[in-house]
Amino acid sequence: MPRVRFAPSPTGFLHIGSARTYIFNWLYARHNAGTMILRLDDTDVERNTEASVNSIFDGLRWLDLPWDEFYKQSERLALHREVAWAIFGKGLAYRDFTPAAVGDSEKSGAQGTWLCNPGMRELSREESDRRAAAGEPFALRFRVPREQAGAVVFTDAVYGEQSKAYADLEDFALLRSDGMPTYHLASCADDADLRITHIIRGQEHLSNAFKHQLIFDAAGAEAPTFAHLPLLMAPDGMKLSKRVHGPVVSVTTYRDAGFLPHAFVNFLCLLGWSPKNDRERMSREELVELFTLEGINRANAVVNFTEENPFDAKALWLNAEHIRGLASDQLAAELLPFVPVGPEKMRQITPLIQERIKLLKDVQTVADFFFAEKLAPYDAAELVPKKGDAAMAKRVLERAREVLAGAEFTHDGLEGALRAAAEGLGIKAGQMFEPIRVAVCGRKTAPPLFGTLEALGRETALGRIEEAIAKLS
RNA sequence: GGCGCUAUCGUCUAACGGUUAGGACGGAGCCCUCUCAAGGCUUAAAUACGGGUUCGAUUCCCGUUAGCGCUACCA
């Protein structure tokens, strides 16, 4: 039974790339009847924030893909230290007494790669113990066997066989001088302890995996299978970041704009993964059924957004697809939070706009005239039908006033009455409908007229026609 | 700089070494039609470059170029 984990560090809002990583882990777990573990990797006390923790929970809960187990890394420090000292005990790590402040960026200068602080890895055990006993602060570093000719080797489920010469790996830290574990140590210690079988994460960790393999080996644990995911990029080729790309990288932005959670999940799945059978729109069950590590691509994927169009066109299309696929009543319920109207009215309006919105939020602009007490001001010229004039518009509206006063106020009743009226006036049906549509909706493009009139009701419709006639006088 | 990874239409992607290089979104056009959508049909659009290997390379190998990632006592 596979056990997978998503291990975000709570140092910012939930990123769409992180959401995708979570989704892939979740799908892998469900596809293989495994366990999905959420673990907060909060060993960086300096940068952790409560707001970030909330953002992560909010985002993940919205996706509606529940996890099975939850852990907080900060509550497992004893385990991490135990693993670190066990590695030290085997002689595979050493104390580095170099003051923390010195030479961070200078280490890896243009000269070449920084590998270790000279002198420290050669310190005798006695000397090391003596200085530690004397209270001198130190970091614990992994002793990479760079004097050996070999390499660290592992097989990535996505990228295949990976190897890196020992000589190219630096002596990375396991424990900081304040005794806190580093990410590398804590992550591996926890993965081993939680019996994680597959580490599915972003490709930015591919290089780190060599270090992790070393830690698992040193700790005497069998390393999980690594599966690295291609990264999500911005159209400018840069890694997505809130700083430069704004809120489009945050999951909550999608939620607030009215993406259906599953449509969002569906979209993210198509970035860097393919079922290889041209399927695009898929239900959750289908995704679980189709998801495999073999389907994961190796090249980075760009999320195609611009300043004018903050959402990828394909994301929008998929959302519209899923909206259309919803039962009308269900969609009405989803729409409710976006608009000041009761459930009854919403259910009546929904069928009229279901095929016309890409985002739930679009209901605010597409259906505004249903909720507005008073129509937004429009130009009287809008009332004039194609190949007609103001006089025709007025004639149409005056006739409509009579017809609507008496007609049966249903889709079919209205259509019959209005078409007959057009014939009576000797004009095309379109010329009849156009002025009425504008009078009633305040604009030329709107949902189908008869259903709209029905939903609006006789009183409102007549009132708006009256106002339009006044505009023409 | 060192190391690692990647490279098919604008974007997401498909293609046991043998296809007219397929699909989707978006674009253009047509049809349908009370406007707008939705739907249907048609269309433009890609194998980064150079060498190999092979009867034959999108596919395998090498190089170049470009991009990304890692190179912290961040994760």
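A note on names: the letters A, B, ... follow the listed sequences, proteins ahead of strands, and every chain is numbered from 1.
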Touch class at under 4.0 angstrom, heavy-atom based, for A:Gln73 against every strand present: nothing
Check: B:rC12 base within 3.5 Å donor-acceptor of A:Lys314 side chain: yes
Which residue lies more 5' along RNA chain B, comparing A:Trp317 with A:Leu206 via nearest heavy atoms: A:Leu206
Sugar-phosphate, base or nothing in reach of A:Thr11, heavy atoms under 4.0 Å: nothing
Gap between atoms CZ and P, on A:Phe6 and B:rA75 respectively (whole Å): 16 Å
Rounded distance in Å between the P positions of B:rC62 and B:rU19: 25 Å
Ring centroid separation A:Phe311 to A:Phe305 under 6.0 Å: no
Listed nucleotide nearest any side-chain atom of A:Asn297, set B:rC25, B:rC12, B:rA14: B:rA14
Carboxylate-amine/guanidinium proximity below 4.0 Å for A:Arg121 and A:Glu147: yes
A:Asp41 and A:Ser9: side chain donor to acceptor below 3.5 Å: no
Phosphate-side-chain proximity, A:Arg47 and B:rA75, N/O vs OP1/OP2 below 4.0 Å: no
Minimum-distance nucleotide to A:Gln162 side chain [options: B:rC5, B:rG39, B:rC74]: B:rC5
Touch class at under 4.0 angstrom, heavy-atom based, for A:Asn208 against every strand present: base
Value in whole Å for how far the C1' atom of B:rG26 lies from CG of A:Leu316: 11 Å
Side chains of A:Val251 and A:Phe264 in contact at under 4.5 Å (non-hydrogen atoms): yes
Phosphate OP1/OP2 of B:rA72: any A:Arg176 side-chain N/O under 4.0 Å: no
Sugar-phosphate only, base, or nothing, as touched by A:Lys239 at under 4.0 Å among non-hydrogen atoms: sugar-phosphate
Of the listed nucleotides B:rU11, B:rA75, B:rC73, the one nearest the side chain of A:His184: B:rA75
ring-ring contact (aromatic ring centres under 6.0 Å, His included) against A:Phe88, all qualifying residues, sequence neighbours excluded: A:Trp85
Touch class at under 4.0 angstrom, heavy-atom based, for A:Gly272 against every strand present: sugar-phosphate
Centroid-centroid under 6.0 Å between A:Phe154 and A:Phe216 rings: no
Any strand: nucleotide that pairs with B:rU6 via Watson-Crick or wobble, under 3.5 Å: B:rA66
Sugar-phosphate, base or nothing in reach of A:Thr43, heavy atoms under 4.0 Å: sugar-phosphate
Candidate nucleotides B:rA75, B:rU6, B:rU71, ranked by approach to the side chain of A:Tyr159 - the nearest: B:rU6
Who pairs with B:rG39 - Watson-Crick or G-U, where each distance is under 3.5 Å: B:rC31
No-hydrogen, no-angle side-chain donor-acceptor test under 3.5 Å, A:Asp412 and A:Thr410: no
Annotated protein contacts, base or backbone, on nucleotides 28-37 of chain B with a non-hydrogen cut-off under 4.0 Å, one of B, S, - each: ------BBBB
Among B:rC68, B:rU11, B:rC73, the nucleotide that comes nearest once only the side chain of A:Leu231 is considered: B:rC68
Residue mapping more 5' on RNA chain B - nearest nucleotide basis, A:Met233 or A:Ser163: A:Ser163
Polar side chain donor-acceptor pair, A:Tyr94 to A:Asp171, under 3.5 angstrom: yes
Mate of B:rA72 where both pairing distances stay under 3.5 Å, Watson-Crick or G-U: none
Strand partner of B:rC16, provided both Watson-Crick or wobble distances fall under 3.5 Å: none
Candidate pair A:Gln203 and A:Tyr159, rule side chain to side chain donor-acceptor pair (under 3.5 Å), full reasoning: CA-CA 10 Å; A:Gln203 199 224 55; A:Tyr159 289 92; 3.1 Å; yes
Sugar-phosphate only, base, or nothing, as touched by A:His228 at under 4.0 Å among non-hydrogen atoms: nothing
Identified pairing partner of B:rA45, criterion: Watson-Crick or G-U wobble below 3.5 Å: none
Between P of B:rC5 and CZ of A:Phe226, the distance in whole Å: 15 Å
Touch class at under 4.0 angstrom, heavy-atom based, for A:Asn277 against every strand present: nothing
Touch class at under 4.0 angstrom, heavy-atom based, for A:Ser9 against every strand present: sugar-phosphate
Distance-only donor-acceptor test (3.5 Å): side chain A:Lys276, base B:rA14: no
Side-chain donor-acceptor pair present, A:His184, A:His212, cut-off under 3.5 Å: yes
Atom-pair distance (CH2 on A:Trp273; P on B:rA24), nearest Å: 18 Å
For atom CG of A:Asn304 and atom P of B:rC9, their distance in whole Å: 13 Å
Atom pair distance, as rounded to whole Å: CD in A:Glu204 and C1' in B:rC5: 13 Å
Side chain A:Asp278 and base B:rG22 donor-acceptor under 3.5 Å: yes
Whole angstrom value for the distance that separates P of B:rC12 from CZ of A:Phe267: 10 Å
